[in-house]
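Only this structure's heavy atoms are used, side chains among them; waters, hydrogens and symmetry mates stay out. Being a predicted model, the structure only gives us computed values, none of them experimental.
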Amino acid sequence: MPKGPEKNTKNKALHTKLLNRKKTKLQEDKKQKALRLKALVTQINQKKNTNPSHAN
């Protein structure tokens with residue numbers, strides 16, 4: 001029984017590798033953005049606590 005053409009596993013492996021690289025890059029970017037936001041929020045909160053000029 002003929003099985004048909006061989007599968008191109010090399011391209012599939014490269015594609016998977018590229019997609020995994022893209023996924024990890026996006027996750028790292030997301031983590032970095034969260035850390036930046038967290039630092040910014042703490043910085044703003046410290047300014048509010050040390051300089052309560054607009055307290056009602």
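Looking at heavy atoms from C-beta onward, Arg36 lies in side-chain contact with Lys33 at the 4.5 angstrom threshold. Residues His15 and Asn11 have side chains not in contact (no heavy-atom distance under 4.5 Å, counting atoms from C-beta outward). Side-chain contact between Asn20 and Thr24 is absent, with no heavy-atom pair separated by less than 4.5 Å.
Annotation: the span from Gln46 atom CD to Ile44 atom CD1 amounts to 11.0 Å, rounded to 0.5 Å. The distance from atom CG of Asn45 to atom OG1 of Thr50, rounded to the nearest 0.5 Å, is 10.5 Å. How far CZ of Arg21 is from OG1 of Thr16: 12.0 Å, rounded to the nearest 0.5 Å. Atom NZ of Lys30 sits about 9.5 Å away from atom CG of Leu26, to the nearest 0.5 Å. Taking OG1 of Thr42 as the reference point, atom CG of Asn49 lies at 11.0 Å (rounded to 0.5 Å).
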